[in-house]
Protein chains: 4
Amino acid sequence: MVDENMIMLNIAPSSGIPIYKQIIDQVKRMIASGYLLPGDELPSVRNVASRFQVNPMTISKAYSLLEATGYLERQRGKGMLVSDKQGGEKEMDKRINILEPAIKELITQAKQLAIPKDKLKIIIEKYIEEKL
Amino acid sequence: MVDENMIMLNIAPSSGIPIYKQIIDQVKRMIASGYLLPGDELPSVRNVASRFQVNPMTISKAYSLLEATGYLERQRGKGMLVSDKQGGEKEMDKRINILEPAIKELITQAKQLAIPKDKLKIIIEKYIEEKL
Amino acid sequence: MVDENMIMLNIAPSSGIPIYKQIIDQVKRMIASGYLLPGDELPSVRNVASRFQVNPMTISKAYSLLEATGYLERQRGKGMLVSDKQGGEKEMDKRINILEPAIKELITQAKQLAIPKDKLKIIIEKYIEEKL
Amino acid sequence: MVDENMIMLNIAPSSGIPIYKQIIDQVKRMIASGYLLPGDELPSVRNVASRFQVNPMTISKAYSLLEATGYLERQRGKGMLVSDKQGGEKEMDKRINILEPAIKELITQAKQLAIPKDKLKIIIEKYIEEKL
DNA sequence: GTGGTCTAGACCACC
DNA sequence: GTGGTCTAGACCACA
C-alpha cells in the first residue's frame, strides 16, 4: 500500500505552490476518495523526503498539520496512520465541493482569455477522456 | 479607455494571492484575449492604487515586472502602454496553452478524489453554461 | 563561493544608475562570462544589503527582476541560484553582442567630438593594455 | 547649417537616457568639436520637436539648461545661438577628457564579460574604421 | 536561516 | 500630471 501511495504523491517543486501544501492537499483528497482508508500507514518522513529530494522538515510539517486537523494520527514508533475518527471516504457531493475552487479558477481564466463555451467544452472533454 | 480597463481589473486583497500578482495575471490575460491592444494605455499607478486602497508601490511593482517581461512599455513622463513588440491578441491555440495548467490541475484533483469521468463532465458543462 | 561573488559585485551608490540596475547588469555579465555557473548560489539578500549598506528591498528587487527574466531561480526557503534553463556561459559572439551598445555609444561620442581615427585607436589601445 | 545640425542630432527615445539629456550631451560635443561655432543658430524648439515626435517642452528644457550653463544664448525673436562667451572649439586633450567615461564604461563591461584583450582590440578597430 | 509582501512617506526625473 | 527609487520597519511563508 505504501508503495502505491508513493505513486500517487506528486511533488512539483517549481510550481509556486509550497511543497508542504501540495502534500496536504493530496493526502486530503486521497482520504476523501477512499483511496486511503482509516488505519492505513503513510510512508515515513524520511522515505518521502529522499524520494522527492526534499528537506525532511518540510514533510514533517505537512504531517503535523494533517495531524492537527484530525486527518492523521501519530503512533509512537510506528509512524503516521490515517485517523479512524474522521469520516473516511466521503460521499460524492462532498468530494465535488472540494473540487469546486479548481473549477471556478478555470472558468475565471477562460473568461478573461475570451475562450468560447463550445471550444472550452471540447478541450475539457478531451482531457477528461485521456487523462482522468 | 482607462475607465473600461478599470472595470475589468479586480483585486481580491484577502485571496492569498499577492496583489501585484493578481494584476500581472489579469493584464496578461487581457492582452492575450485582445481586450487590451498594443498601444493601449493602462490606468496610472496612482489611479489604480487609490481605487483599490493599496500602496502605489504595489501597483508599480506589477507594472515593472510586466515591463521586464515585455508585456508593457514605459512612456517616460506619460505612463505605461501595451507593448507592440509582442504580438497582441493571440490566436486561440496560444490562449489555450495559457489555460492548460489550470485544466491539468483540475484533472489531477479529480483523479485523486476518484470522481468518475461522466460525473465530472456533467459538472463542468453546468459551470461553463452558467458562469462562462 | 559566496565570498568570491561578493568580491565581484561592486556598487557605486552615487553613479546615477539605480543600485538595483547595477546589480542586474553585473549579474547578467557574470553569467554570460561563465564566472557564475548554472546552479551557483547567489549571496543572500540580507548579506548584500548589509555589505553595501542598502535596504534589503533594493537587492530583493534586483533578484526578483532577474528571476522574472529567467536568469535566476528561487529555491524556496533557501536562496537564489543561477538558472540552468538559460545556457550559462555564452560563446564569445554572444558576449560581444552584449558589449556592442557600449562600443556604439563610444563611436557616436567620438564622432561628435571630431576625434580622428588614429587618435582614438591609440587611446583605446592604451586603456585596453592598462585596465583590461 | 540648421539642416546639417539636424542630421547630427540623434534621439533614441527607448534608450533609457532621458531625451533632454541626449540633446544636451550632443550639443555640448558638437560645440567642443567645433562643429557648432559661436554665433551659429540652433534649430527651433518646434522644428526639433516635430522632427523627433517629442514634446516641445522637452526640447525647451534642454535648451534652457544649455543656456543656464553658458553654452547657448537666447536672442529674442531669433531663437538660440551658440554663445560667444564660452571658448568654442576645444583642444584635443579636452575633448578626450569628455570621451573618457565612455571608454571606462566599455572597459569595465569587457572585463566582466571576460573578453580577451586581443579580441577587443580587433573589434574596436573594425568599428572605428567602419563607423567613425 | 532564506525570500516575499506591503505600507507610509520622502524625494527625484521626466513630459 | 506620469513613473521610479529608496528607506525603515512590520509581518508572513518556507525549508
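A note on names: the letters A, B, ... follow the listed sequences, proteins ahead of strands, and every chain is numbered from 1.
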**Message:** Rounding to an integer number of Å, can you tell me how far A:Leu65 CG sits from F:dC14 P?
**Reply:** 10 Å

**Request:** Please check if any side-chain donor atom of D:Gln22 sits under 3.5 Å from a side-chain acceptor atom of D:Gln26, or the reverse.
**Result:** no

**Request:** Whole angstrom is fine here: how far is it from CD1 in B:Ile17 over to C1' in E:dC6?
**Result:** 16 Å

Pairs under 3.5 angstrom, nitrogen or oxygen only, protein versus nucleotides 1-5 of chain E, please.
| from | atom 1 | to | atom 2 | distance (Å) |
| --- | --- | --- | --- | --- |
| E:dG1 | N2 | C:Gly77 | O | 2.9 |
| E:dT2 | OP1 | C:Ser44 | OG | 3.3 |
| E:dT2 | O4' | C:Lys78 | O | 3.2 |
| E:dT2 | O3' | C:Lys78 | O | 3.2 |
| E:dG3 | OP1 | C:Val45 | N | 2.9 |
| E:dG3 | OP2 | C:Val45 | N | 3.1 |
| E:dG3 | N7 | C:Arg46 | NH1 | 2.7 |
| E:dG3 | N7 | C:Arg46 | NH2 | 3.4 |
| E:dG3 | O6 | C:Arg46 | NH2 | 3.2 |
| E:dG4 | OP1 | C:Arg74 | NH1 | 3.4 |
| E:dG4 | OP2 | C:Ser60 | OG | 3.1 |
| E:dT5 | OP1 | B:Tyr20 | OH | 2.7 |
| E:dT5 | OP2 | B:Tyr20 | OH | 3.0 |
| E:dT5 | OP2 | B:Lys61 | NZ | 3.3 |

**Request:** Return the value, rounded to whole Å, for the distance between atom CG of C:Asn55 and atom C1' of E:dG9.
**Result:** 13 Å

**Request:** Determine the contact category for C:Val54: base if any of its heavy atoms lies under 4.0 Å from a base atom, sugar-phosphate if only primed atoms, P, OP1 or OP2 are that close, otherwise nothing.
**Result:** sugar-phosphate

**Complete:** Writing each nucleotide of DNA chain F 5' to 3' as (, ), [, ], | or . by Watson-Crick or G-U pairing under 3.5 Å yields ||||||||||||||.

**Message:** Using every non-hydrogen atom in the two residues, find where B:Ser83 and B:Pro38 come nearest and quote the distance to one decimal.
**Reply:** O-CB, 3.7 Å

**Fill in**
By salt bridge (charged side-chain N to carboxylate O under 4.0 Å, His left out), A:Lys104 pairs with (sequence neighbours left out) none

**Asked** Rounding to a whole Å, what distance do you find between B:Ile24:CD1 and E:dC6:P?
**Response** 10 Å

**Asked** Would you find a donor on one side and an acceptor on the other, under 3.5 Å apart, between the side chain of B:Arg29 and the backbone of B:Ile24?
**Response** no

**Message:** Using whole Å, what does the distance between atom P of nucleotide E:dA8 and atom CD1 of B:Ile59 come to?
**Reply:** 13 Å

**Request:** Using a cut-off of 6.0 Å, state whether more than 12 heavy atoms not belonging to A:Arg74 lie near its atom CZ.
**Result:** yes

**Prompt:** For A:Gly79, does its backbone N or O pair with a side-chain atom of A:Glu41 as donor and acceptor, under 3.5 Å?
**Reply:** no

**Between CD on residue C:Glu100 and CG on residue D:Leu106, distance to nearest 0.5 Å** = 11.5 Å

**Item:** Interatomic distance where CD1 belongs to A:Ile23 and C1' belongs to F:dA15 [whole Å]
**Value:** 12 Å

**Item:** Salt bridge flag under 4.0 Å for residues B:Asp25 and B:Lys21
**Value:** yes

